[in-house]
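Reminder, nothing fancy here: chain letters follow the sequence lines and each chain counts from 1.
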Amino acid sequence: MADAIAGVARTQVTVTVNGQERSGNVEPRTLLVHFLRDDLGLTGTHVGCDTSQCGACVVTVDGVTTKSCTKLAVQADGCSIETIEGLADGTNYHPIQDAFWEKHGLQCGYCTPGMIMSAKALLERNPDPSEAEIRHELEGNLCRCTGYQNIVKSVQYAAEKMRGAG
Amino acid sequence: MFPTSFEYHRATSVAEAVAMLGEHPDAKILAGGHSLIPAMKLRLAAPAMLVDLTRVAELKGVTLGDGVATIGAMTTYDELRFAEGIADAFPAIPEAINVIGDQQVRAHGTIGGALAHNDPAADLTAVFLALGGRVEVAGSSGPRTIDGEDLFVDLWTTSLEPDDIITRVILPLAADGARSAYRKHAHPASGYAVVGVAVAIEAAGGVVSKASIVVTGATSKPTHAAAAEAALAGKAFDADSLAAAVSIAADGLEINGDPYASEEYRSQLIKVLTRRALEAAMSR
Ligand SMILES: Cc1cc2nc3c(=O)[nH]c(=O)nc-3n(C[C@H](O)[C@H](O)[C@H](O)COP(=O)(O)OP(=O)(O)OC[C@H]3O[C@@H](n4cnc5c(N)ncnc54)[C@H](O)[C@@H]3O)c2cc1C
Ligand code: FES
Ligand code: FES
């Protein structure tokens, strides 16, 4: 992002992203998603809408599931953020990532990072959700490709694997 | 898109936030941000300053005692619905919150923000009114209490002054147990209420001593279905009185129509949802 436009006050923001401390200088109006993508280069978090309705931008902030397009970067100062990039350990994928692969839970992949981050928040609260609960909790994540069937199957598969592992 | 430029101030206390609003007439409170930030992204709102309340600890938390529930304005939907005692005392609250927006909206939206914003299709505004709630407010003219009946004025308009902050929401505990319920028909795209109906019934000894039925989505502000309330008052709370109330639930209301849902369709939904909500309350 262009540095310091004349006359616009910037604030230093320091966050811990996926365990690493990162900082940058932002205008108050910088949305968290733009800070992650443009300043920190974490482009796995997507932007799919202007209206806070699509969920492509979902991350967690201090453990709370968050649309990063609906939070200001300055609000996240001092917080711990987890993005899609933080889930895999090298090529060792998170069980939810594996499940989306196994069950064909994606086509173009645009919605997938947000979908996986929302699924993770859901499974942390409810490790054994019903199909209806999965659909209800993922209402804020829109997918224009899959028709959702395989996304639901992926989350069910991940839940089963994660219960088995736990 | 991103908002127009503004100054940002993170408040640490109510007093500080009130002072900031007093000094900066163009400033706005930032609560959960799930109405304000989308509006700013679309540039429907362009405040010169945001006073962020998210880290004001004194505005958080829920306590039950002395015949009331006291809810900090910055308590999020999720914190409220899972707070100890809330679901038992006010079953309508978790019912309504469960159908607000999505996982992320429920994690960030606040009760204070919902009431101050007064969206005509919001859910918790109707529940708050049906439960006989009031708000405590801090402002340059000192603290005061506004009864729910005086809070909502019109579409997105309340009786709050520009430098007023809702600090607490007070809900009286029903003398006769918790017979409240909320039913909603959600717009398939936005998730907001096409029509929502909140009911709270007190019927000690089987006779209705207090009937509150509040409609949202269909009207410019949350509005009592006064005809249906009158039909229940003093009657036995049974299938007959329920049917009588339902048949006139939309009477006397100024119902809005739009290309998605006509006035007639919304009137019908008011009846259907009033019946479902009253049946749920009766079963409690
Ligand atoms: C995708 C999406 C779907 C949604 N679906 C629904 C739905 O189905 N039903 C529903 O009811 N809502 C829905 N909402 C709106 C959501 O409930 C909002 O969070 C809520 O209306 C506003 O609360 P907030 O804390 O986010 O307030 P903010 O957006 O921060 O503020 C809203 C307004 O209230 C003012 N304000 C906030 N707090 C105070 C206070 N304590 N004192 C004085 N003024 C204050 C602000 O200055 C601002 O003008 C949805 C939102 C989104 C993004
Ligand atoms: S980008 Fe669409 S909800 Fe955040
Ligand atoms: S896979 Fe293409 S939008 Fe979901």
Enquirer: Relative to chain A, which segment of B/Leu30 carries a heavy atom at a distance below 4.5 Å: side chain, backbone, both, or neither?
Expert: side chain
Enquirer: Over 60° means perpendicular and under 30° means parallel, so classify the ring planes of B/Tyr260 and B/His187, tilted if in between.
Expert: tilted
Enquirer: Looking only at heavy atoms and a cut-off of under 4.5 Å, which of B/Glu7, B/Arg55, B/Met40 has the most pairs with chain A?
Expert: B/Arg55
Enquirer: Please classify the contact of A/Leu142 with chain B as side chain, backbone, both or neither, using a heavy-atom distance under 4.5 Å.
Expert: neither
Enquirer: Under 4.5 Å heavy-atom distance to chain A, tell me which part of B/Asp78 shows up: side chain, backbone, both or neither.
Expert: side chain
Enquirer: Using a cut-off of under 4.5 Å on heavy-atom pairs, state which of B/Asn98, B/Leu50, B/Val99 scores highest against chain A.
Expert: B/Asn98
Enquirer: With only heavy atoms counted, which part of A/Val47 is less than 4.5 Å from chain B, the side chain, the backbone, both or neither?
Expert: neither
Enquirer: Given the options B/Ala107, B/Gly33, B/Ala189, B/Ser5, which has more heavy-atom pairs under 4.5 Å with chain A than any of the others?
Expert: B/Ser5
Enquirer: Looking only at heavy atoms and a cut-off of under 4.5 Å, which of A/Cys49, A/Gly55, A/Cys69 has the most pairs with chain B?
Expert: A/Cys69
Enquirer: Checking side-chain polar atoms at under 3.5 Å, does A/Ser52 have a donor or acceptor matched by the opposite partner on A/Thr70?
Expert: yes
Enquirer: Tell me, side chain or backbone of B/His34 under 4.5 Å from chain A's heavy atoms, or both, or neither?
Expert: both
Enquirer: Considering only heavy atoms, which portion of B/Thr54 lies under 4.5 Å from any heavy atom of chain A: side chain, backbone, both, or neither?
Expert: side chain
Enquirer: State whether B/Arg284 and B/Glu95 are salt-bridged, where the test is any N-O pair (Lys NZ or Arg NE/NH1/NH2 against Asp/Glu carboxylate O) under 4.0 Å.
Expert: yes
Enquirer: Can you tell which of A/Leu31, A/Asp50, A/Asp77 has the highest number of heavy-atom pairs within less than 4.5 Å of chain B?
Expert: A/Asp50
Enquirer: Looking just at side-chain N and O atoms, do B/His9 and B/Glu16 make a donor-acceptor pair shorter than 3.5 Å?
Expert: yes
Enquirer: Looking just at side-chain N and O atoms, do B/Thr158 and B/Asn118 make a donor-acceptor pair shorter than 3.5 Å?
Expert: no
Enquirer: With side chain to side chain contact (heavy atoms under 4.5 Å, CB included) as the test, would you mind laying out the steps for A/Met117 and A/Glu82 before giving the verdict?
Expert: CA-CA 9 Å; A/Met117 295 307 286; A/Glu82 187 175 40; 4.1 Å; yes
Enquirer: Look at B/Arg106 together with A/Glu137 and state whether they make a salt bridge at an N to O cut-off of under 4.0 Å.
Expert: yes
Enquirer: Please rank A/Leu138, A/Leu72, A/Asn141 by heavy-atom pairs under 4.5 Å with chain B and give me the top one.
Expert: A/Leu72
Enquirer: Using a strict 4.0 Å threshold on nitrogen-to-oxygen distance, state whether B/Asp123 and B/Lys184 make a salt bridge.
Expert: yes
